[in-house]
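Taking it in order: structure first as structure tokens, then the write-up.
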Amino acid sequence: MGGAGKPATEEDAALRWAYRTMQTIRCFEERLHADFAAGKVPSSVHLYAGQEASATGICAHLGEQDYFHITHRAHGPAIARGADLKAIAQEIWLRAGGLCSGKGGSPHLHDARLKLVGANGGVGSGAALACGSALATRHRGDGGVVVCLLGDGAINQGVVAESFNLAAVWSLPVVFAFENNGYAEATGTAYAIAGNDIAARGAAVGMPIARVDGADYFAVHATAGEAIARARAGGGPSLVEMQVPRFFGHYEGDAQKYRAAGEVAELRRSRDCLVAFRERVLGAGLLTAAELAGIDAKIAAEVDEAFSTAAAAAPPAAAALLSDVYAGRI
Amino acid sequence: MGGAGKPATEEDAALRWAYRTMQTIRCFEERLHADFAAGKVPSSVHLYAGQEASATGICAHLGEQDYFHITHRAHGPAIARGADLKAIAQEIWLRAGGLCSGKGGSPHLHDARLKLVGANGGVGSGAALACGSALATRHRGDGGVVVCLLGDGAINQGVVAESFNLAAVWSLPVVFAFENNGYAEATGTAYAIAGNDIAARGAAVGMPIARVDGADYFAVHATAGEAIARARAGGGPSLVEMQVPRFFGHYEGDAQKYRAAGEVAELRRSRDCLVAFRERVLGAGLLTAAELAGIDAKIAAEVDEAFSTAAAAAPPAAAALLSDVYAGRI
Amino acid sequence: MSIKSYRAAIREALEQEMLRDPDVILIGEDLAGGAGGGGEDDAWGGPMAVTKGLLGKFGRQRVLDTPVSEAAFMGAAVGAAAAGLRPVAELMFCDFIGVCCDQIVNQAAKYRYTFGGQDRLPLTVRTTMGAGQQLGSQHSQVLVGLFTSFAGLKVVVPSTPYDAKGLLATAIRDDDPVIFCEHRLLYRMREEVPDGSYTIPFGEARIVEEGGDVTIVALSRMVHVAAEAVHALRAEGIHCTLIDPRTTVPLDTDTIFDSVEATGRLVIVDEAGPRCGMASDIAAIVAEELFSALRAPIRRVTPPCVPVPAAPNLEKLYLPDAARVMAVVRELVQR
Amino acid sequence: MSIKSYRAAIREALEQEMLRDPDVILIGEDLAGGAGGGGEDDAWGGPMAVTKGLLGKFGRQRVLDTPVSEAAFMGAAVGAAAAGLRPVAELMFCDFIGVCCDQIVNQAAKYRYTFGGQDRLPLTVRTTMGAGQQLGSQHSQVLVGLFTSFAGLKVVVPSTPYDAKGLLATAIRDDDPVIFCEHRLLYRMREEVPDGSYTIPFGEARIVEEGGDVTIVALSRMVHVAAEAVHALRAEGIHCTLIDPRTTVPLDTDTIFDSVEATGRLVIVDEAGPRCGMASDIAAIVAEELFSALRAPIRRVTPPCVPVPAAPNLEKLYLPDAARVMAVVRELVQR
Ligand SMILES: Cc1ncc(C[n+]2csc(CCOP(=O)(O)OP(=O)(O)O)c2C)c(N)n1
Ligand SMILES: Cc1ncc(C[n+]2csc(CCOP(=O)(O)OP(=O)(O)O)c2C)c(N)n1
Ligand SMILES: [Mg+2]
Ligand SMILES: [Mg+2]
């Protein structure tokens with residue numbers, strides 16, 4: 001798996017998959033931003049643009065048996081895991097055909113078949129759930145690993161600290177992958193994280209840690225790969241901290257006054273994972289500009305189709321209000 | 001303050017206070033152990049014997065404006081803070097004259113006048129409350145500090161991790177003082193604390209940390225003194241980890257099968273803070289054996305009196321059931 | 001006197017209480033926002049923009065932004081209250097009680113009693129609640145019943161700007177822990193509100209409408225839903241008394257009893273689920289204490305027993321509306 | 001068939017379900033005890049010695065001792081359930097919901113619904129509750145109403161060894177999150193219990209006594225308090241039906257309705273506080289659905305609205321007892 005049918009053996013296919021994935025996310029989010037501004041999106045959304053290399057570099061390593069726990073900033077990670085673009089869009093539009101049948105919405109994208117585990121409402125709560133997925137996959141002995149995405153804000157939630165310790169005590173195959181985008185809502189990490197060092201919190205329970213530029217796909221790919229391989233080999237949990245830029249607000253509608261003037265422009269200029277990726281693959285002659293342009297065009301069409309499908313799709317049937325509370329009868 | 005009327009200026013008075021405090025705790029707990037075994041104690045108790053140097057070495061530094069947050073293993077810390085022995089005993093006996101009028105019981109010893117803050121039911125919860133005391137004393141500008149006792153088990157509660165961070169973010173005058181007695185209930189720290197390093201968790205938020213032999217009164221006194229002075233001077237929070245022996249079970253009635261054969265005997269032989277204290281002060285000629293024996297005898301009588309007072313005291317009046325729910329009318 | 005929104009009324013109460021008493025401090029996430037960033041300091045003024053402007057007036061010593069650490073900061077608020085301050089802590093969504101439940105229901109609620117009455121705990125927890133914004137199951141709950149069930153807490157559910165301002169002042173001056181539940185859909189509601197400071201006593205219900213046929217008790221935003229029903233029913237010749245208890249602890253049973261005594265019929269409209277919530281609570285009290293006055297079954301109008309769905313059409317079906325209230329009232333008067 | 005304690009019956013259900021299904025695992029604090037120490041491995045066998053012996057039979061891979069980290073291990077249990085295991089997580093005291101509330105009420109309860117029905121969540125949370133051991137305000141609560149109020153959970157309150165064993169087997173095999181509430185004062189209760197495995201369906205109340213004058217619904221340990229009252233009242237010529245709902249979600253309203261239909265009088269005996277608990281819940285349901293059958297006020301026998309005091313004399317006053325139940329019943333039959 002790993003999304004969009006990547007054949008993991010071929011180097012350039014893998015590169016193409018990575019580019020396609022990141023570009024799909026970017027295109028999806030930019031388009032969503034525009035549609036939101038135009039009043040076309042009927043729900044609250046947190047955009048992932050800028051952070052694409054993180055989920056993509058991780059998902060490149062994940063197979064069918066692996067779990068990927070994501071956060072409220074869900075669209076990009078869901079795309080990277082290979083969830084259906086139309087189903088994602090429909091969930092954002094709160095339609096019956098959405099990933100969660102319109103009951104969850106943008107922050108709760110979840111696809112059980114893909115072992116893509118959606119965010120629950122509490123920041124950081126997923127860290128504990130991830131320990132449970134890890135218990136299960138180890139119990140089955142299927143060689144699975146679990147990657148749990150978390151934001152910088154989550155490092156200050158108690159359950160995350162507890163989960164670090166529990167994962168280490170039980171030596172679980174889980175990687176806590178932090179996307180440090182500098183902000184939890186309107187508050188900067190320099191204020192909220194004493195010591196301003198996410199990885200150090202992991203090191204305190206004896207976990208291996210790594211820090212990586214999350215705008216560099218290749219760096220993320222290498223670092224996440226190492227942590228995932230360690231977990232898969234029975235080496236227990238570890239922590240990866242990725243410094244990522246966030247190109248939009250905390251949620252759409254956020255005036256972002258807490259950011260310095262020009263901050264986003266500068267990030268877009270100097271820390272765009274797609275720009276870096278293109279430079280690298282073109283420079284090394286791995287892919288051609290024409291290939292990339294072809295991919296871009298195809299993606300634009302796909303996103304277009306996903307959005308128009310979603311906009312036109314039917315809402316959930318009234319009966320859905322009462323279904324899915326329990327698996328059994330009650 | 002600092003309990004039992006210690007005149008803080010005189011060196012030997014301070015020593016006498018320390019000895020008297022530790023010996024009072026020991027005598028109280030040993031006697032409680034015996035009475036419990038004899039079926040005379042009408043409530044569940046967690047004994048502090050072995051850990052005396054910790055609370056005593058800390059309380060030696062605390063004045064009227066300072067807060068001392070304690071845990072369910074409450075008797076020793078309450079005594080060290082100078083709470084009335086009879087009121088403590090009566091609370092354990094759940095009498096009207098108890099520190100909490102019989103409504104709290106042994107784990108909840110609390111004396112608001114002394115800024116002795118009793119444990120709430122959740123392990124570790126006090127860490128957050130301590131941040132609040134620290135906010136208040138800083139708000140008043142009265143130079144107060146807060147010491148928060150916590151057990152090794154508490155290090156794995158999320159709220160403790162959150163409180164470390166919050167205290168550091170707000171630069172609060174609080175010292176997190178961990179009594180590592182090797183066990184949380186029946187589970188050893190070697191299993192429960194990944195990395196087996198409590199202090200490292202504090203260091204991860206950038207707090208100064210210190211590790212000290214909690215069976216050595218002088219070491220605790222020096223180390224705690226440094227942390228408290230730092231907090232008082234506006235230097236923010238810090239963490240002190242004290243290795244302490246626990247001479248009895250988690251609670252009275254605990255068969256302690258999780259301990260190695262002879263473990264307690266060996267601890268009593270090699271890590272008894274009172275033995276070490278006596279050796280040191282006698283060796284240095286600071287106090288005489290006769291003086292100590294005189295203190296011991298006096299304490300035995302005091303504890304005796306406290307216990308018999310408690311046993312004979314009246315239970316709360318029936319009306320107490322409905323009082324103290326609210327401060328105001330309802 | 002001027003027209004103020006529910007949001008502005010709350011902000012004004014905060015400001016006036018902070019001016020009045022230097023021991024009033026605010027604690028919460030992004031109350032100001034902007035800490036640790038390179039931009040403006042009071043960048044958000046609260047997740048719902050309720051505290052906007054207070055940073056500039058009172059500074060970071062009294063408007064304390066926190067990390068995303070509800071357990072720690074709620075506990076700190078409890079500790080600060082016990083130590084003599086009057087903290088107002090903001091729990092962004094009441095759903096987040098999930099991560100600070102211990103501090104509220106075990107510590108704040110039981111502090112005074114457990115320690116035998118030694119302390120006062122003048123803590124106010126401001127929180128928001130309610131569905132209607134497509135925020136789904138974990139950002140839409142109404143948990144008034146949960147708070148009410150724990151002895152030691154007082155619970156306030158203002159339905160109007162006027163009440164919000166006066167009740168918040170009372171809450172802050174109160175010496176017990178108060179959970180002040182703001183309904184997010186009411187933030188833009190506007191009405192005449194005095195400019196000066198005033199208080200509204202706890203435990204005094206507001207009679208919104210008077211009528212002799214049916215008594216309706218409704219809470220928070222449901223007061224407006226019920227009011228809509230009451231007005232429409234009047235055109236049908238059915239006259240209801242509509243009571244807004246305003247606080248659920250203490251609960252003004254006198255006002256409810258007086259009305260039920262007269263009407264013999266009771267409908268309770270609540271946005272919480274049907275099990276063990278305020279609708280059940282009030283129904284049980286009346287069925288116990290005023291049985292002989294009842295001429296018809298006590299009816300509860302609540303959402304069904306399901307989590308809150310995100311899709312707008314489902315959410316609309318989930319929420320009680322005037323039509324449902326009217327149907328229930330009509331049925332009752334036929335008995 | 002043999003005489004077994006409530007504790008032993010629960011242990012037997014755990015063991016039999018673990019033998020039956022390798023995906024059943026246990027998670028909790030000191031379920032075995034002894035980890036990380038130099039002494040015995042199964043040193044405690046659970047804080048209440050319920051899981052004693054299971055470590056030896058199933059090993060540390062299936063009996064998972066945890067640090068004092070309820071939020072993490074409860075979340076792990078939720079995650080493991082969603083991922084296909086059948087975890088039984090032990091929350092030592094239900095009061096500790098304070099530190100893992102999110103995992104239970106926001107995550108376990110809403111997982112299936114929020115994600116549109118994609119998952120099953122076969123999680124059982126075993127917890128203990130109740131006053132009577134002088135443990136004070138934070139180790140004595142009964143929070144059945146809180147659990148019941150959150151749609152998505154099932155809630156079990158066994159009052160006897162037989163019921164405990166059969167209901168726990170049902171809970172573990174159930175595909176939804178179940179909160180299984182054990183009353184600590186019942187652990188030593190003994191009665192005949194089958195040795196083999198059996199299940200008791202959820203939502204089927206047990207009729208403990210039959211009588212035509214008054215219906216009493218009682219939960220958990222209060223079933224025994226009520227039974228004592230019922231027996232004593234019989235000598236006075238007052239005949240009561242005593243119903244133990246056994247599960248509050250689902251709630252067997254049919255059995256309650258049938259009885260109230262016949263008696264016209266309802267008393268509910270519950271150990272939780274009077275506000276928003278099961279007593280209110282059942283009273284409200286009956287006042288709504290069976291009003292015309294009622295001949296007298298619905299009476300709730302609960303503790304007063306205060307935290308649980310530690311002193312034994314106060315705790316005794318706090319708890320409902322047979323005398324109080326009898327007084328209420330006598331008063332009702334006079335109406
Ligand atoms: C327990 C809890 N507290 C607060 C919130 C409100 N909230 C939603 S997102 C967010 C910020 C999270 O920041 P971070 O973890 O850095 O993720 P990011 O949004 O930057 O991706 C907050 C505080 C919440 N959902 N849950
Ligand atoms: C949140 C919570 N979980 C579990 C318990 C049960 N419990 C009471 S004391 C204790 C062990 C605490 O160990 P530690 O912090 O080392 O303190 P010690 O007893 O050794 O002094 C536990 C788990 C509790 N009171 N609160
Ligand atoms: Mg962030
Ligand atoms: Mg310990």
Side-chain angles (χ1 to χ4, degrees), chain A residues 67 69 91 96 98-105 107-113 115 117-122 124-140 144 146 148 157-167 169-170 172 316 320 323-330, chain D residues 22-23 25 27 35-36 60-62 64-85 87 89 99-103 106-123 151-154 173-177 202-203 249-251:
Chain A
Y67 289 85
H69 285 250
E91 190 59 34
L99 268 188
C100 305
S101 310
K103 283 180 173 169
H108 297 293
L109 299 183
H110 176 89
D111 190 328
R113 279 178 319 102
K115 298 192 170 66
V117 184
N120 266 272
S125 298
L129 295 173
C131 291
S133 303
L135 265 184
T137 185
R138 182 172 71 186
H139 188 86
R140 284 194 291 268
V146 180
C148 180
Q157 269 290 319
V159 68
V160 172
E162 290 191 7
S163 300
F164 285 179
N165 186 65
L166 191 68
V169 166
W170 286 347
L172 296 174
S323 64
D324 303 327
V325 184
Y326 296 97
R329 268 173 313 134
I330 181 109
Chain D
D23 286 340
I25 61 169
I27 298 177
R60 288 232 178 255
Q61 291 308 309
R62 294 183 64 196
L64 289 138
D65 274 3
T66 70
V68 191
S69 305
E70 287 83 358
F73 80 68
M74 201 56 78
V78 173
L85 300 187
V99 295
C100 58
C101 186
D102 189 55
Q103 310 293 332
N106 285 331
Q107 305 202 32
K110 299 174 172 62
Y111 200 98
R112 182 176 175 79
Y113 194 83
T114 305
F115 297 144
Q118 296 181 60
D119 308 86
R120 291 167 184 273
L121 213 90
L123 164 69
L153 302 177
K154 295 177 178 173
R173 295 181 202 180
D174 196 279
D175 280 339
D176 289 306
F202 288 174
V249 184
L251 180 67

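Labels below follow one simple rule: chain letters A, B, ... track the order of the sequence lines, proteins then strands, and each chain is numbered from 1.
Taking every heavy atom of both residues into account, Pro67(D) and Leu166(A) meet most closely at CD-CD1, 3.4 Å. Summarising the geometry of Asp111(A) relative to Gln118(D), their closest heavy-atom pair is CA-OE1, 3.3 Å, with the distance given to 0.1 Å. Nearest heavy-atom pair, Asp65(D) versus Trp170(A), reported as atom, atom and distance to 0.1 Å: O-NE1, 3.1 Å. Closest approach of Arg329(A) and Lys154(D) over heavy atoms only: O-NZ, 3.9 Å.
Of the two parts of Val169(A), only the side chain, counted from C-beta on, holds a non-hydrogen atom closer than 4.5 Å to a non-hydrogen atom of chain D. Both the backbone and the side chain of Phe73(D) come within contact range of chain A, judged by heavy atoms closer than 4.5 Å. Only the side chain of His139(A) comes within less than 4.5 Å of a heavy atom of chain D; its backbone N, CA, C and O stay farther away. With a threshold of 4.5 angstrom between heavy atoms, Ala119(A) approaches chain D through N, CA, C or O but not through any side-chain atom. Within the 4.5 angstrom heavy-atom criterion, only side-chain atoms of Tyr67(A), from C-beta onward, approach chain D. Heavy atoms closer than 4.5 Å to chain D are found nowhere in Ala127(A), neither backbone nor side chain. When heavy atoms are compared at a cutoff of 4.5 Å, Ser323(A) approaches chain D solely by way of its backbone atoms N, CA, C and O.
Of the listed residues (Ala81(D), Ala80(D), Ala72(D)), the one with the most heavy-atom contacts under 4.5 Å to chain A is Ala72(D). Chosen from Leu153(D), Asn106(D), Val68(D), the residue pairing most often with chain A at heavy-atom distances under 4.5 Å is Leu153(D). In terms of non-hydrogen atom pairs under 4.5 Å with chain A, the most contact-rich of Gly84(D), Ala35(D), Gly117(D), Ser69(D) is Ser69(D). Contact tally against chain D (heavy-atom pairs below 4.5 Å) for Gly104(A), Gly122(A), Ser133(A), Ser125(A): the top residue is Ser125(A).
Between the OH atom in Tyr113(D) and the OG atom in Ser101(A) there is a gap of 10.5 Å [rounded to 0.5 Å]. Interatomic distance, Gln61(D) CD to Leu135(A) CG, rounded to the nearest 0.5 Å: 9.0 Å.
Contact check for His110(A) versus Asp119(D): side-chain heavy atoms found under the 4.5 Å cut-off. You'll find the side chain of Glu70(D) stays beyond 4.5 Å of the side chain of Glu162(A), heavy atoms only.
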Side chain to side chain contact (heavy atoms under 4.5 Å, CB included) between Thr114(D) and Asp324(A): does it pass, once the steps are laid out?
-> CA-CA 9 Å; Thr114(D) 305; Asp324(A) 303 327; over 6 Å; no
Stepwise side chain to side chain contact (heavy atoms under 4.5 Å, CB included) test for Asp102(D) and Val159(A) | CA-CA 10 Å; Asp102(D) 189 55; Val159(A) 68; over 6 Å; no
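A donor-acceptor contact shorter than 3.5 Å links the side chain of Arg112(D) to the backbone of Tyr326(A).
In this structure, Lys103(A) forms no cation-pi arrangement with Phe115(D), as its terminal cationic atom is not both closer than 6.0 Å to the ring centre and no more than 45° off the ring axis.
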